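From a predicted model like this one, the values you see are computed outputs, not experimental measurements.
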Amino acid sequence: MVDSLADATHRFKVHRWHRRARKTTLGLNKLIRAACLDKGETFAYIGPTYKQTRSIVVRDPMMLRRYLPREILRKDFNESDLTAEIVTGSLVRLFGADEPDSLRGIRFKGVVLDEWALQKRAIFDEILYPVLLESDGWCDFYFTPKGRNHAWDFWRRGGLQGHEDWRSFDLAASQSKLLSDAQLAQARAEMGEELYRQEMECEFL
């Protein structure tokens with residue numbers, strides 16, 4: 001799976017991954033790498049809410065700051081508007097999906113939608129997709145299933161004709177080996193079978 005993910009050139013990638021599979025880490029690093037390679041572009045990380053984005057991505061020392069060495073920054077990370085300005089002139093900006101108006105009027109080249117199953121579909125359909133068409137940009141969707149909602153619909157696009165720009169990737173806890181067999185057995189016992197299948201094995205229930 002890792003090799004196919006690295007080789008994929010599709011503009012829209014949908015990642016159905018289990019809890020604690022380091023989805024946010026992957027998304028942030030992809031944005032930072034893209035901002036280092038492209039000049040004068042804007043890239044966005046969008047979490048479910050602005051408060052969650054600030055708490056998880058900015059406040060946690062093991063998240064954004066860990067992957068933003070000072071030598072790639074033009075100036076210190078701006079905590080007031082959650083923006084990192086890279087030496088290439090590109091920006092990495094952080095948003096919450098609960099404030100959709102903050103996304104309007106910005107020309108994004110690349111976007112990461114984290115916990116996509118918890119966000120509203122209109123964020124992509126009405127705001128981001130038209131912008132990404134104009135900029136020839138890309139978007140990555142990361143989520144753990146929450147029933148068969150819009151995230152399931154987007155995940156299906158990765159295998160449908162007429163959606164050649166789309167690719168879907170799956171990572172269940174039993175495949176990733178990030179948790180031991182003993183830890184998975186404990187999780188199954190404590191969470192119950194149905195919740196375990198959804199959160200850890202990524203089933204659309």
**Student:** Atom CG in D114, atom CG in L26: separation rounded to 0.5 Å?
**Tutor:** 10.0 Å
**Student:** As an exercise, state the distance from CD1 of I123 to CD of E126, rounded to the nearest 0.5 Å.
**Tutor:** 9.0 Å
**Student:** Surrounding CZ of R74 (heavy atoms of other residues, nucleotides or ligands, distance under 6.0 Å), is the total greater than 12?
**Tutor:** yes
**Student:** Decide whether Y45 and L73 are clustered together by the hydrophobic rule: side chain heavy atoms of Ile, Leu, Val, Met, Phe, Trp, Tyr closer than 4.5 Å, transitively.
**Tutor:** yes
**Student:** Using a strict cut-off of less than 4.0 Å between a Lys/Arg side-chain nitrogen and an Asp/Glu carboxylate oxygen, indicate whether E203 and R148 qualify as a salt bridge.
**Tutor:** no
**Student:** If we ignore hydrogens and angles and just use 3.5 Å, is the side chain of E201 paired with the main-chain N or O of S174 as donor and acceptor?
**Tutor:** yes
**Student:** Quick test of your reading: applying salt bridge (Lys or Arg N to Asp or Glu O under 4.0 Å), list the pairs with at least one residue in residues 21-31, sequence neighbours left out, ordered by first then second residue.
**Tutor:** K30-D140
**Student:** Ignoring hydrogens and angles, tell me if any N or O in the side chain of R54 forms a donor-acceptor pair with the backbone of E79 under 3.5 Å.
**Tutor:** yes
**Student:** Can you confirm whether more than 12 heavy atoms, excluding those of E193, are under 6.0 Å from its CD atom?
**Tutor:** yes
**Student:** Do you know which two heavy atoms are closest between L171 and A21, and how far apart they sit?
**Tutor:** CD2-CB, 4.4 Å
**Student:** With sequence neighbours left out, what residues match Y67 under side chain to side chain contact (heavy atoms under 4.5 Å, CB included)?
**Tutor:** T25, N29, I32
**Student:** What's the shortest heavy-atom distance between L68 and A84, and which atoms?
**Tutor:** CD1-CB, 4.0 Å
**Student:** Once you round to the nearest 0.5 Å, how far does CE of M62 lie from OG1 of T24?
**Tutor:** 13.5 Å
**Student:** Taking T83 for its side chain and D81 for its backbone only, find out whether a donor-acceptor pair lies under 3.5 Å.
**Tutor:** yes
**Student:** Does atom CZ of F77 have more than 12 heavy-atom neighbours from other groups under 6.0 Å away?
**Tutor:** yes
**Student:** What residues join L179 in its hydrophobic cluster, counting side-chain heavy atom gaps under 4.5 Å, either direct or through other members?
**Tutor:** L184, M191, L195, Y196, M200
**Student:** R70 vs D76, test: side-chain contact (heavy atoms from CB on, under 4.5 Å). Steps then yes/no.
**Tutor:** CA-CA 8 Å; R70 186 64 184 87; D76 290 338; 3.0 Å; yes
**Student:** Do L31 and F108 share a hydrophobic cluster (ILVMFWY, side-chain heavy atoms under 4.5 Å, transitive)?
**Tutor:** no
**Student:** List, one per line, each side-chain donor-acceptor pair under 3.5 Å for residues 95-106, sequence neighbours excluded.
**Tutor:**
from, atom 1, to, atom 2, distance (Å)
D98, OD1, Y50, N, 2.8
D101, OD1, R104, NE, 3.1
S102, OG, E99, O, 2.6

**Student:** Ignoring hydrogens and geometry beyond distance, is a side-chain donor-acceptor pair present between W17 and D170 at under 3.5 Å?
**Tutor:** no
**Student:** Does S55 use its side chain to pair, donor to acceptor, with the backbone of K51 at less than 3.5 Å?
**Tutor:** no
**Student:** Restricting to non-hydrogen atoms, name the atom on P61 and the atom on R66 that form the minimum distance, rounded to 0.1 Å.
**Tutor:** O-CB, 3.6 Å
**Student:** Once rounded to the nearest 0.5 Å, what's the spacing between atom NZ of K13 and atom CZ of R167?
**Tutor:** 9.0 Å
**Student:** For A35 and V92, which heavy atoms make the closest approach, and how far apart are they?
**Tutor:** CB-CG2, 3.7 Å
**Student:** Rounded to the nearest 0.5 Å, what separation is found between the CG atom of L113 and the CD1 atom of I46?
**Tutor:** 5.0 Å
**Student:** Mind listing the closest non-hydrogen atom pair of C202 and P145 along with its distance?
**Tutor:** O-CG, 3.5 Å
**Student:** Would you say the side-chain atoms of S90 pair up with the backbone N or O of I86, donor to acceptor, closer than 3.5 Å?
**Tutor:** no
**Student:** Rounded to the nearest 0.5 Å, what separates atom CZ in R93 from atom CG in N78?
**Tutor:** 9.5 Å
**Student:** Tell me whether the rings of F141 and F12 are parallel (<30°), tilted (30 to 60°) or perpendicular (>60°).
**Tutor:** tilted
**Student:** Under a 4.5 Å cut-off applied to non-hydrogen side-chain atoms, are F124 and L132 in contact?
**Tutor:** yes
**Student:** Quick check on the hydrophobic clustering: are F169 and W138 connected, directly or via other members, by side-chain heavy-atom contacts under 4.5 Å?
**Tutor:** yes
**Student:** May I ask whether L28 and V112 are part of the same hydrophobic cluster, defined by side-chain heavy atoms of I, L, V, M, F, W, Y residues being less than 4.5 angstrom apart, directly or through others?
**Tutor:** yes
**Student:** Between the main-chain N or O of L118 and the side-chain N or O of K146, is there a donor-acceptor pair closer than 3.5 Å?
**Tutor:** no
**Student:** Is a side-chain N or O of R11 found less than 3.5 angstrom from the main chain of G137, in a donor-acceptor match?
**Tutor:** yes
**Student:** Quick one, R65 with D60, criterion salt bridge (charged side-chain N to carboxylate O under 4.0 Å, His left out). Give me CA distance, side-chain angles, the key distance, then yes/no.
**Tutor:** CA-CA 8 Å; R65 295 185 186 278; D60 187 340; over 6 Å; no
**Student:** Among the clusters formed by ILVMFWY side chains lying less than 4.5 Å apart, do V58 and L91 turn up in the same one?
**Tutor:** no
**Student:** Would you name the heavy atoms of Q198 and T144 that are closest together and state the gap between them?
**Tutor:** O-CG2, 3.6 Å
**Student:** Which pairs count as side-chain hydrogen bond (donor to acceptor under 3.5 Å, both in side chains) when at least one residue sits in residues 35-44, sequence neighbours excluded?
**Tutor:** E41-R107
**Student:** What do you reckon, is CZ of R121 surrounded by more than 12 foreign heavy atoms closer than 6.0 Å?
**Tutor:** yes
**Student:** Run through Y142, F154, F143 and flag the one making a ring pair (Phe, Tyr, Trp, His ring centres under 6.0 Å) with W116.
**Tutor:** F154
**Student:** If a pair satisfies salt bridge (Lys or Arg N to Asp or Glu O under 4.0 Å) and one of its residues is in residues 154-164, list it, with sequence neighbours excluded.
**Tutor:** D153-R156
